[in-house]
Structures are given as structure tokens and as C-alpha cells.
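What follows is a single structure, written as C-alpha cells, with notes after it.
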Amino acid sequence: MTAFKTWVAGDSSDPDVALAQYQFIQRQTPFLYMMSLAGGWGLSVTHWSVAPIALTLVVPLFVTAFAVQRIVTVRRRQKETPSHAEILAWQKQAKVLAVVSPAIFSIWVLSLFPYGGPYLQVQVVFTIAVANLVLLFCLIHFRAVALINAFCANTLYFMYFAIAGEHVFTYFALYGIAASMGAFFILNNHYRGFIKLIRTGRDLKRHSEELEHKQDETQKLSDLNYYIANHDHMTGLPNRRCFLLELDQSFRSARQSGEPLSLCVFDLGGLRAINNIYGLNTGDQILLEVVRRLKSKLAPQMFVARIAGDEFALLAVGDEAAFSGVSSFFDELFAESCQLPEASMKLNYAAGIAHLDEGVLSPTDLLEHAVYVLQEAKLNRNEPVAVFGPRHSEQMLSHARVTQALQSADIEAELSVAFQPIVDVAHNRITGVECLARWNSPLLGNVPPGEFIPIAERCGVINRLTLVLLRKALEAAHHWPADLKLSFNLSASNLSSRGFVQEILDLLESFGFEPGRLHCEVTETSVMWDFKEASRAILALKETGIRLSLDDFGTGYSSLSHVHKLPLDCIKVDRSFVHGIRPDTAGYGIVKSLLALSRDMGIACVVEGVETEEELSVLKSLGTSEVQGYLFSRPLSEADLGRLFAKGMTLSSGTMQSDDPPVALEAAQAGRRRVV
């Protein structure tokens, strides 16, 4: 019995099925009532002359009022979407109406059966049969209601005819019951198809929703990947990839429209040093603070991107004067100090600006121009902003020629070394020499080291040049006094190249040169380029006995911190503090402090760029022990140095072996520029 009840109830407890049944019955109910009324009024009309008016008019009006009320109620509910609880309540109501409605209609129809002849009685039976079939067809999607309707209607008809003793019509009633059952079981297949359709639709809807959800997730993931690919994760600014796309689009647009286009590439001075000294977290916080200030000062027409660790790019379209006040813009940007764990400091900057003109043929050209003058701005502390102009175009062409010549050069044949003595001023005795690079190119002639060394670093041949120069210096040193030290300069690329230290050691071993005689000179800039790798290389050199000198001391980022962090044997005071030194100059106090620092640390100190007797006198009064400069000697060839040694190891001041006047020291210093 329980199984039968479950079968009759079908899937009405399924929310989707219940809703579909509700919506289907709401559409079918008006038609059912209209069919019932049509059949009933048809009987009333044919029985008008033979049946009492109560049965042909009063009862039909009552039944019609009931049917109209139900139709209105159903039509009003058709636009509503009830909850599942409301549908379950409706199902109970529908089952009650499945009993009430057939009873009312049956009473109306059967009340007319006794009146009239056989034809009218057949009409009654025919109307009953048609109504039952219509009910089954219209209610089959709600199996419980269909069964209740069919059972109630057929039972009433059968009982009526059986009690009335109408054997023929009783047979008709029995046949109608059998026909209804047969029709029900046939239509039950449609019911199963209906249920399957509902479930299939639900599954399709669920799959569709899942697909939409996956598409949404895929789109979100795609958007996220696009954002990650085009933005810097630290600052949220567009990254180099995004900048290059924006630059390309802006370049094309500016070319087509004729609008001005300007690019500014700027560098945060000191950020690399902060990262190395205070840690990446502190550096990141400083970087975020700079970006916050930068965003607050950007003009609407500017596009900003972070294109490298401490380099940013500003792109301005449609405003020719966008970067006319860039110096004041950066001065305001860095006016407020940045807070460090132990102190506060003001960041410096360098900026290179390039404008779109006839000489710029591609977005890459514009970027290269801005980066090129940025490098110039980094070297000029008094003018941290440089604008690309005709002079720079000529320089770039010249550098391109140097690059090409370097890459095709016979380095072994074209490179040579010069040596400048380092003098102990207390005894005028030569204690060492600094090795300086010279390049005589068949194509370009004599190229100053200050020009070709940076280019050699950029084009990746600096390690090769360094080894060639060191080999030539070691060959020359084979004939020197055994206690003479050799100072040799290493570049940032040398220090950051794994395996390069071993190549140096192999060269020393092949020449039998005592490592303790070699003083490797590094600059603060070269150390800070990649402090971790530089420290690794320096420690490897120190372990073999090679000495370490910090060159151009005082001109880098954070000198004192580097002195404490590096295993130094000597510091070399930059000539910028020595030129015109007197007790009343700033350089006097600086040199005095640096000499005191070296004594306290127990390391040597060499003062560079000594040109005049007056400068030497002041330096002696401060306790200077070793100097280097044109006052004693210009850079000498191997042969000239050999002749000097042949005369002895003493070298008095004022014996500069050169026709170059002291005022030429600027060029000479560039000429002695290290492999840096």
C-alpha cells in the first residue's frame, strides 16, 4: 500500500517537478472548467423542455459561478512563482478540489439523467465519457489529482447507474472505468516523459550554471593573469611589459595625429643601497612611499610604470610642456625624508627625458634616448635631469662605433696598460703602481678609457678586456721589484660574474705573482650594483691573500656603512676633495676625517689627484702617508716605468714626466679611468 501511495504521489516532492506540475495545472485548469461548463450547459439546453428549471438553470448557474471563481483565482496565480512550501500547500488543496469538482459536475449532469428519452440519456452518458477523458489528458502530469478525479467521477457514475438499475448504462460506466484506466496507463508514459524532461532540463540548467560559473572563474583568472602580467606586484603600477605596449600605442597615435609625445625615465638613487644595508622589507616600504607620492602628483595626461627595480617611466601624450618643470616635480616628490629603521634620509634621483621628433623612428628609439641621457644624469649630481638633444645623438653614434669596434677588435693587440706610481710622501718612495687601460683602435684611434670601459660593460666584453689587461700588467710586473704592489681595478660586471675570481687566481698562478702584492680596487658603485655577489667575490679574493682597496671613497652612496661591511685594506680618497685643498675649505675637514678613520680602522689611505705642492703640503700636515697624482708622475708606459725603476724607487714631487699641464688632470683622470 505504501508503495502504491508513493507511486501515485510520483515525484511531486521534487521541487522542480512540483513547480512544473503547478505551472502546467494552472494553464490547464481554465480549459477543464470551460469544457465542463460547455458539456453541462449543452445538457441543460437539450433538457430545457423536459427537466425542472431548477436543474436546467439554477444548478447550472451555481456550478458556473463556482467554475468562474476558480478560473479567476487560477488566472491571478499564473503570474506568480510560489515557494516550494506554497506549492505543497497547493497540492493538498488540488487533491481536495479533485474530489469536490467532479462531485459538483456529476451531481449536475446526473440530475438530468431521469428526464427525457433514450437519446437524451445517451447524451448524458456521452458527456460523462468525454469529460472523463478530457480530465485524464489535462491532468496526467499531476498523477495523484488525475487518479482522484477519475476515481471520484467514475465511481459516482457507476454507483448511480447501479442503484438506478440501469444495467445497460451500468455496463457503459464499467466500460468507461476500464477505458479511463487504459487511457491512464497509456498516458502514464507521457507522465514519465514529462518527469524525465523536467529532470533533464534541471540537469542542463545545472550544467549550464556550472559552465557559466567556470566561465566566470576562467574570466576572472584570465583577468588576474592579465593584471599580473602587466602590473608590478609590489607597487601595483604597470610593469615594463605594459609600459612597452602603452609606449607603442602612444607612439603610433602621436605619429598619426601629430601630437607631442614625451618620455621621462628616472632612477631612485640610493634604493639599492637601502636594500643591501637595511633589508628588502625596508626598501619595499620606501618604494611604496615613493609610489604613493608619485601617484598623488601625476598629471591626468601622464602614464607611469615601474620598468626595473629602481627605475620608473613617465609617458605624456598631447602636452609638449609636460616635463618642462620636471626638476621641481622631483624636488617636491623627494622633499620629505623617508624614514629608515635607524634614521631618515632624502632620496636623490636622476632623470632622462626624450621628446618625439623626426629623428625618432620607433618607440624603441624614444626609450633608448631617454635611458641614454638618464645615464648622463646619474653622473652629474649638479644636474640630475638631462634632456636628449643633438649632442646626444652624436654621442650615441660615436658609442655605436665604439661598440662595433670593441666587438670586432683584436683585443690582445690593441689593448695596452699604463702605470701611475703611488708614492710614500714621507720618503718619496714608490710603493706601488696603479694599472690603467689604454686602447689604440685601428678604426677609431686612441679611445679614452672613460669612453670605452662603460661601453664594454654594456656590450658584455668587459670580462675579456679585464683579463687581457691583467695579463699584460702581470707580464710587466715580472721585471719589477719584488715588494712593489700592483693596484688593479675591477668593475661591477667583474664582481658579479661567477667564475671570474677563479680566472684571476689562475692568471696569478700562471705568472707566479704573489697574491699579497695585488691590490684589487673597487668602487662603491660597483659594490652596490649587486652587493651579494660582490661580497662573495671580494671574500673569495681575500681568502687568497689579495688586498682590497675602496676607490673614489666618499663619492658613492653610504660610504661609512660600506667601510664596516667590507674587509678593506685601503681606502683611496677621491681627488674631488683634494683639488685646491686649504684649511678653510670643506675638503680639508673631509680628508682629515677620512685619514683619522683609516688610522682608527688600521687600514691604509691613499689620496688621489695631487697636482700642486700646496696641496701636498696641506695633506702632509694632515698626516697623509701615500699619494697619487700628476705632481709626482703621469701614467707611464711599461718602458718608461722600467727606466724610472732603473734610476731607483724614489720619486720627488714636481718631477712630473709629461708635457701635460696640471689643468689637464680632468682629461688625464678620465684617461686613467679603471676597468669599471
Side-chain angles (χ1 to χ4, degrees), residues 229-248 250-251 261-276 280 282-295 297-298 302-316 322-323 326-327 329-334 338 345-355 363-381 383-388 392 396 399 454-455 457-458 492-493 496 524-533 556-558:
N230 290 277
H231 289 78
D232 174 55
H233 74 282
M234 173 61 63
T235 63
L237 292 177
N239 60 14
R240 185 179 185 87
R241 179 179 182 275
C242 184
F243 163 73
L244 292 176
L245 292 174
E246 181 69 22
L247 177 61
D248 184 69
S250 299
F251 180 86
L261 177 65
S262 301
L263 173 63
C264 173
V265 178
F266 69 94
D267 177 279
L268 300 181
L271 183 60
R272 196 187 301 268
I274 291 173
N275 284 334
N276 290 323
L280 292 177
T282 299
D284 290 344
Q285 295 304 314
I286 296 296
L287 185 63
L288 291 174
E289 172 62 19
V290 170
V291 171
R292 184 192 65 78
R293 297 181 190 178
L294 183 61
K295 288 181 177 179
K297 295 182 178 297
L298 279 182
M302 288 185 180
F303 175 87
V304 62
R306 184 187 182 193
I307 59 176
D310 53 3
E311 284 189 8
F312 296 80
L314 288 171
L315 190 64
F323 297 137
V326 71
S327 295
F329 173 84
F330 284 117
D331 288 342
E332 293 177 8
L333 186 65
F334 299 114
C338 293
M345 68 171 290
K346 287 187 177 182
L347 293 177
N348 52 41
Y349 68 92
I353 299 174
H355 300 291
T364 303
D365 288 346
L366 188 66
L367 179 58
E368 288 179 349
H369 290 179
V371 172
Y372 183 83
V373 290
L374 170 63
Q375 302 308 315
E376 178 182 284
K378 286 182 178 181
L379 299 175
N380 190 350
R381 295 190 173 188
E383 293 292 338
V385 177
V387 181
F388 192 89
H392 301 104
M396 288 188 71
H399 288 181
I455 296 175
E457 281 205 305
R458 288 198 294 270
S493 295
S496 61
E524 293 177 79
T525 304
S526 65
V527 172
M528 295 313 300
W529 181 261
D530 188 341
F531 189 80
K532 182 178 180 181
E533 285 298 316
Y557 292 108
S558 182

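Below, each value reflects all heavy atoms present in this structure, side chains not excepted, and no hydrogens, waters or symmetry copies. For reference, positions follow the sequence shown, starting with 1.
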Quiz item: Which pair of non-hydrogen atoms, one from L263 and one from L366, has the smallest distance, and what is that distance?
Solution: CD2-O, 3.9 Å
Practice problem: Rounded to the nearest 0.5 Å, what's the gap from NZ on K295 to OG1 on T235? Could you check? | Solution: 6.5 Å
Quiz item: CG of N239 to CE of M234: how many Å apart, nearest 0.5 Å?
Solution: 14.0 Å
Quiz prompt | Residues in side-chain contact (heavy atoms from CB on, under 4.5 Å) contact with R293, at least two apart in sequence or another chain | solution = E289, L333, E336, C338
Quiz prompt | Interatomic distance, K297 atom NZ to R292 atom CZ [nearest 0.5 angstrom] | solution = 9.5 Å
Self-check item: Contact check, side chains of R306 and V291, non-hydrogen atoms, under 4.5 Å
Solution: no
Self-check item: Those residues that, when tested against Y349, pass ring-ring contact (aromatic ring centres under 6.0 Å, His included) (two or more places apart)
Solution: F330, F334
Quiz item: When rounded to the nearest 0.5 angstrom, what distance separates CG in L268 from CZ in F312?
Solution: 5.0 Å
Practice problem: Apply side-chain contact (heavy atoms from CB on, under 4.5 Å) to V387 and list each qualifying residue two or more places apart in sequence or on a separate chain. | Solution: I353, H355
Exercise. Please name all residues satisfying side-chain contact (heavy atoms from CB on, under 4.5 Å) with R458, sequence neighbours left out, ordered by chain then number.
Key: H399, P454, I455
Practice problem: Go through the structure and list residues passing ring-ring contact (aromatic ring centres under 6.0 Å, His included) with F388, not counting sequence neighbours. | Solution: H369, H392
Quiz item: How far does CG of N348 sit from NZ of K378, to the nearest 0.5 angstrom?
Solution: 11.0 Å
Practice problem: Compare every heavy atom of A377 with every heavy atom of P384, then report the nearest pair and how far apart it is. | Solution: O-CB, 3.3 Å
Self-check item: SG-CG distance between C242 and L237, expressed to the nearest 0.5 angstrom
Solution: 10.0 Å
Practice problem: Could you list the residues that satisfy ring-ring contact (aromatic ring centres under 6.0 Å, His included) with F243, not counting sequence neighbours? | Solution: none
Quiz item: Minimum heavy-atom separation for E457 to A492, with atom names?
Solution: OE2-N, 3.5 Å
